[in-house]
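Here is the naming used below: chain letters follow the sequence lines, and residue numbers restart at 1 for every chain.
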Amino acid sequence: MTRYERIDRKFKQVGTRPARPDGVDKVTGRAMYGADLTAPGMLWAKVLRSPHAHARIRSIDTSAAEALEGVKAVVTGADFSLPEDEALRDVSVNCMARDKVLYDGHAVAAVAAVSPAVAKAALKLVKVDYEVLPHVIDVDEAMRPGAPVVQEGRSYENVPGGMSANVTSHCEFGHGDLDAGFARADLVVERSFRTAATHQGYIEPHACLAAVTTDGRADLWCCTQGHFMVRETCAALLGLDSSQLRVTASEIGGGFGGKTTVFVEPVALALSRKTGRPVKAVMSREEVFRATGPTVHASIDVKIGMTRSGRITAGEAHLRYSGGAFPCATVDMGAQAAFAAYDLDAVRTFGWNAMTNRPKEAPYRAPGAPQAIYAVESVVDELCKELGLDPLDVRIANAARKGTRSAYGPTFDEIGLLATLEAAKAHPHYTAPLGPNEGRGLSCGFWFNFGGNTCVTMNLALDGTVAITEGNPDIGGSRASISLMAAEELGIPYEKVRTIVADTASIGHSDVTDGSRVTFSVGLATIEAARDAKRKMCERVARLWGIDPEAVEWRDGAVHPAGSNAGRFAPMTIAEIAAASPNTGGPIAGHHEVNADGAGVSFGVHLVDVKVDPDTGSTTVLRYTVFQDAGRAVHPSYVEGQMQGGAVQGIGWALNEEYIYGADGRLQNPGFLDYRVPVASDLPEIDTVILEIPNPGHPYGVRGVGETPIVPPLAAIANAVSRAAGVRLTELPMSPPRVLKAILARG
Amino acid sequence: MVKVRIWGSLRTATGGEAEVEVEAATFKELLDRLAEEYPGLKPQIERGVSLALDGVIYREAWFTPIREDSEVVLMPYMAGG
Amino acid sequence: MKTIPVSATVNGDAVEFLCAPDETLLDTLRDRLGLTGAKEGCGSGDCGACSVMLDGRVVCACLVLAAEAEGAEISTVEGLAQGERLHPLQRHFIDEAALQCGVCTPGILVAAKALLDRNPDPTDEEVRYWLAGNLCRCTGYDKIIRAVKSAAAEMRGDAR
């Protein structure tokens with residue numbers, strides 16, 4: 001990682017709020033999303049899905065479906081390869097079942113037909129002979145000896161013998177002497193918590209258009225957070241070389257982590273290959289809920305000891321997560337994030353993952369962290385209440401800071417937690433008066449953030465305007481931020497820069513848009529590519545002037561002689577240099593290809609006031625403020641957007657959203673009516689306070705911000721509701737029936 | 001020699017030690033040495049690990065130099081959303 | 001399957017199409033008329049991403065049969081701008097970052113315009129309740145409400 005010198009420069013364009021380049025397309029309906037593209041001769045795909053939570057497939061008879069007029073091909077598990085790589089193999093099995101169906105909605109077969117109506121009719125003609133097996137839906141049930149086993153032989157070496165075969169992994173983090181720590185405490189609180197599975201809830205269902213030709217070349221249009229990931233995965237599942245498959249990322253209607261893997265894309269490709277025609281596959285909302293990737297559901301025990309003066313002496317957490325019917329490593333991240341905000345001498349977290357007959361988990365913003373931090377911050381709040389201590393003062397007294405040995409191992413460098421806590425304390429929200437049945441809650445939040453494989457090419461058009469090509473789908477307005485950083489670095493107007501997300505054939509491998517990494521790593525690569533281009537332009541001009549390249553410098557969009565000794569030359573602007581580029585050596589471009597490291601962690605604090613109706617258990621959010629360290633806010637409107645959007649997803653998770661299963665193991669609420677996400681009338685304004693503690697790993701100090709905002713709301717709301725209702729809630733969501741039950745039990 | 005902190009559930013492979021010492025000057029050398037000297041670590045290393053060097057997380061950069069006095073913490077390979 | 005001939009007006013233009021009896025207006029707009037601005041987010045009228053105007057009312061196009069559009073006047077997001085000139089709502093949405101992924105934006109713009117046509121000076125609460133049928137997962141609604149209010153102010157000719 002390059003360590004950049006602390007930048008105290010005055011930015012001219014970074015930090016402003018220009019219009020985003022895709023804005024007009026999106027407000028006029030011109031923007032093309034996954035389901036918006038058509039091709040001549042196109043067929044429509046539909047997928048047959050298991051109605052059972054767990055069953056052996058004795059046989060599949062597709063003959064009647066194939067014989068239906070208008071049906072051009074049918075595929076089943078046999079049409080996909082089973083790669084050696086365990087993770088890819090799981091994706092393959094998840095896209096299309098093999099010998100067993102593992103959850104309600106698991107794909108069993110797919111058809112391609114001349115219209116959606118014919119495809120639907122064909123599904124009814126596919127005969128699947130199931131042997132229904134006992135199922136298990138709950139993580140604690142799944143860990144009991146004798147529980148129905150979802151898959152055999154999937155336990156890693158770190159799982160002790162004698163446990164249910166559903167337990168796939170175990171992890172443990174922390175340091176110090178827990179017993180001594182608890183002995184020093186004046187009060188120890190132990191609580192157990194449960195969180196339901198939730199879904200990212202992106203408004204756009206998965207959709208793609210696949211076209212495979214008889215010579216084995218393929219084109220795929222799809223909505224995705226990572227078209228290179230789609231290429232590598234689909235190539236592996238279909239036995240293609242990566243270079244044979246060109247994937248174009250459409251505009252994407254939300255992802256939040258749920259579109260960092262594939263579901264229908266390999267299916268559409270397989271159907272297209274069989275038919276020799278383009279195939280369009282669009283998931284219905286019900287399919288999205290049943291068969292894409294919700295979060296884990298979790299069962300968590302937390303024990304924390306505190307002195308009378310508010311110092312935490314020991315923290316312990318046991319986290320049992322289930323990522324559905326496949327092994328899942330999300331509990332590792334939850335176990336590491338749980339106590340990350342605290343400076344502790346004694347801390348231990350223990351994590352387990354167990355399989356259940358539920359869909360395969362996909363990341364949702366900061367995977368694993370919201371659940372763990374919900375549990376920890378709830379116990380901290382309870383300790384504060386019992387000891388009569390101010391919750392913010394306690395966080396400040398125990399906050400991790402530079403030099404703290406984190407609960408997950410590394411020692412922190414410069415971090416923004418104290419600054420966000422102090423900003424919260426100074427904010428009028430913290431001292432605003434509360435009325436009857438109202439309560440205030442707060443929580444810290446944390447996420448690691450990543451760098452990753454990133455490629456940027458900056459091409460100089462002959463008129464001196466700049467085209468930036470990069471490989472990361474824009475899920476939050478990143479094209480605007482990238483253009484801003486390029487414009488800043490070159491000293492040219494934002495309007496002279498155009499950033500596009502290129503297809504997999506046109507730019508180098510880029511990791512998925514996730515991990516809050518795009519503004520950080522694509523930004524870093526853009527700045528380095530601009531520096532590369534500037535160096536080349538300086539060399540060209542120096543040569544023209546017949547002087548040493550060290551004797552020129554770049555300033556405000558032009559090359560200038562560096563100092564009076566260099567000679568008297570009129571500066572050459574970027575437009576002039578570009579116009580002369582054919583004569584001075586050819587077209588000019590800057591490149592940067594890197595696996596970026598040095599992404600800085602991002603801390604946040606959320607404050608929320610709620611009112612709980614004691615007669616119905618219904619909660620109204622009255623006021624919400626998000627404090628977060630962005631390192632450097634390149635386009636503040638989009639940083640605010642991440643903070644507000646993540647907070648509201650967290651509000652939904654805390655109050656209403658959950659996967660509800662029946663005794664038959666089937667999902668009962670696969671639609672937006674009964675899977676209740678927040679609507680505009682549920683919410684107040686979401687106020688935002690952006691802090692900037694620059695990240696030394698980025699040339700402008702950028703920290704990723706996208707994921708951290710979903711972490712604090714769960715505990716902040718739980719703490720607020722618990723205080724408003726006068727009783728501690730320990731299960732999410734805190735829907736009205738649950739809150740009412742707790743109030744009535746409290747008496 | 002570089003000191004490497006090992007997370008709790010991996011310590012069964014290091015005889016219970018929370019910190020081990022290996023001879024390594026880069027990320028890759030470190031992982032290769034750990035796998036050689038503590039074969040119980042091999043499955044996890046193959047599944048994927050990251051290194052935190054002086055507080056900065058490196059996900060997979062083999063040539064990352066490691067100094068003798070660096071703080072090195074082994075971490076699971078991270079994923080985001 | 002017998003198809004049904006339908007004549008209607010869409011964004012001011014006379015259109016004629018054939019549709020299946022069980023085809024939705026949303027499918028017709030997207031797959032026959034090339035108007036992909038309206039999106040299918042749920043197919044059950046719960047998300048509002050397919051909101052269009054039908055004879056002066058905001059409707060979910062996924063809940064309207066295409067055949068019901070006979071003789072109707074339909075407006076979609078594609079009809080908001082006048083040539084190069086964006087509607088104030090569209091401009092304010094861009095300027096105030098009231099969209100992130102943008103997939104809910106067409107439905108919200110259609111619904112918001114319907115509100116301002118009826119009530120040129122809505123309160124925050126009135127905007128929020130009017131838009132309660134339009135789900136947004138990216139923005140948390142905050143900037144959307146602000147953009148609708150400021151577009152309304154501009155349309156009223158207010159300085160504020």
key: Taking every non-hydrogen atom, the tightest pair across C/Tyr141 and A/Leu683   = CD1-CD1, 3.5 Å
request  = Count the heavy atoms belonging to other residues, nucleotides or ligands that lie under 6.0 Å from CD of A/Gln668, then report whether that count exceeds 12.
outcome  = yes
request  = Could you walk me through whether C/Glu96 and A/Arg17 pass the side chain to side chain contact (heavy atoms under 4.5 Å, CB included) test, one step at a time?
outcome  = CA-CA 9 Å; C/Glu96 297 177 49; A/Arg17 301 172 188 249; over 6 Å; no
message = Can you give me the closest heavy-atom contact between A/Pro205 and C/Glu40, atom names plus distance?
response = CD-O, 3.4 Å
inquiry  = Quick test of your reading of the model: are C/Arg30 and A/Asp36 salt-bridged, counting only N-O distances below 4.0 Å?
reply    = yes
request  = Could you have a look at A/Ala19, A/Gly477, A/Pro678, A/Gly671 and say which one has the most heavy-atom pairs with chain C under 4.5 angstrom?
outcome  = A/Pro678
task = Count the heavy-atom pairs under 4.5 Å between each of A/Gln649, A/Met643, A/His635 and chain C, then report the option with the highest count.
result = A/Gln649
ask   = Just by modelled atom types, is the C/Gly140 backbone N or O under 3.5 Å from a matching donor or acceptor in the A/Gln644 side chain?
value = no
query = Taking all atoms of both residues into account, what is the closest heavy-atom pair of C/Gly41 and A/Phe672, and its distance?
reply = O-CE1, 4.1 Å
task = Measure from the side-chain N and O atoms of A/Lys26 to the backbone N and O of C/Cys101, and report whether any donor-acceptor pair falls under 3.5 Å.
result = yes
note = Honestly, the part of A/Pro18 sitting under 4.5 Å from a heavy atom of chain C is neither
message = Please classify the contact between C/Tyr129 and chain A as side chain, backbone, both or neither, with a heavy-atom cut-off of under 4.5 Å.
response = both
inquiry  = Other residues, nucleotides and ligands only: do more than 12 of their heavy atoms fall within 6.0 Å of CD on C/Glu73?
reply    = no
query = Looking at side-chain heavy atoms only, is the closest gap between A/Thr28 and C/Leu80 below 4.5 Å?
reply = no
key: Contact class of A/Ser637 relative to chain C, heavy atoms under 4.5 angstrom   = both
key: chain C contact via A/Ser284 - side chain, backbone, both or neither, heavy atoms under 4.5 Å   = neither
query = Is C/Arg137 reaching over with its side chain to a backbone N or O of A/Ile203, donor-acceptor style, under 3.5 angstrom?
reply = no
query = Are there more than 12 heavy atoms of other residues, nucleotides or ligands under 6.0 Å from atom NZ of C/Lys113?
reply = no
query = Relative to chain A, which segment of C/Leu135 carries a heavy atom at a distance below 4.5 Å: side chain, backbone, both, or neither?
reply = both
Segment of C/Ser44 engaging chain A (4.5 angstrom heavy-atom cut-off) = neither
note = Max heavy-atom pairs within cutoff under 4.5 Å with chain C, candidates A/Gln200, A/Arg30, A/Met32, goes to A/Gln200
message = Between C/Lys143 and A/Glu640, does any side-chain N to carboxylate O distance fall below 4.0 Å?
response = yes
query = What are the two closest heavy atoms between A/Ala680 and C/Ile145, and how far apart are they?
reply = CB-CD1, 4.4 Å
request  = Specify which of C/Asp46, C/Leu35, C/Asp27, C/Leu109 makes the most heavy-atom pairs with chain A at under 4.5 Å.
outcome  = C/Asp46
inquiry  = Heavy-atom cut-off 4.5 Å, strictly under: side chain, backbone, both or neither for A/Ala31 against chain C?
reply    = backbone
inquiry  = With a 4.5 Å cut-off on side-chain heavy atoms, are C/Cys138 and A/Tyr202 touching?
reply    = no
remark   = chain C shares the most heavy-atom pairs under 4.5 Å, among A/Glu657, A/Glu251, A/Glu286, with A/Glu657
Per-residue contact mode, C/Asp31 against chain A (heavy atom under 4.5 angstrom) = side chain
message = What part of C/Asp124 gets within 4.5 angstrom of chain A, counting heavy atoms only: side chain, backbone, both, or neither?
response = side chain
request  = Sort A/Glu685 into side chain, backbone, both or neither according to what part of it lies under 4.5 angstrom from a heavy atom of chain C.
outcome  = both
remark   = Bottom line for A/Val24: the part with an atom under 4.5 Å from chain C's heavy atoms is both
ask   = For A/Ile252, is it the side chain, the backbone, both or neither that has a heavy atom under 4.5 Å from a heavy atom of chain C?
value = backbone
remark   = What one should report as the nearest heavy-atom pair of C/Val77 and A/Val27 is CG2-O, 3.5 Å
request  = Check whether any side-chain heavy atom of C/Gln100 sits under 4.5 Å from a side-chain heavy atom of A/Gln642, and report yes or no.
outcome  = yes
key: Under 4.5 Å from a heavy atom of chain A, the part of C/Arg91 involved   = neither
message = So does C/Ala97 get a backbone contact from the side chain of A/Arg20, meaning a donor-acceptor N/O pair under 3.5 Å?
response = no
query = Would A/Ser681 and C/Trp130 count as a side chain to side chain contact (heavy atoms under 4.5 Å, CB included) if you check the C-alpha gap in whole Å, the side-chain angles of each, and the deciding distance to 0.1 Å?
reply = CA-CA 8 Å; A/Ser681 51; C/Trp130 185 270; over 6 Å; no
Per-residue contact mode, C/Ala132 against chain A (heavy atom under 4.5 angstrom) = both
query = Nearest heavy-atom pair of C/Gly102 and A/Tyr33: which atoms, and what distance?
reply = C-OH, 3.1 Å
inquiry  = So which residue, C/Thr36, C/Thr76, C/Val127, ends up with the most heavy-atom pairs under 4.5 Å with chain A?
reply    = C/Thr36
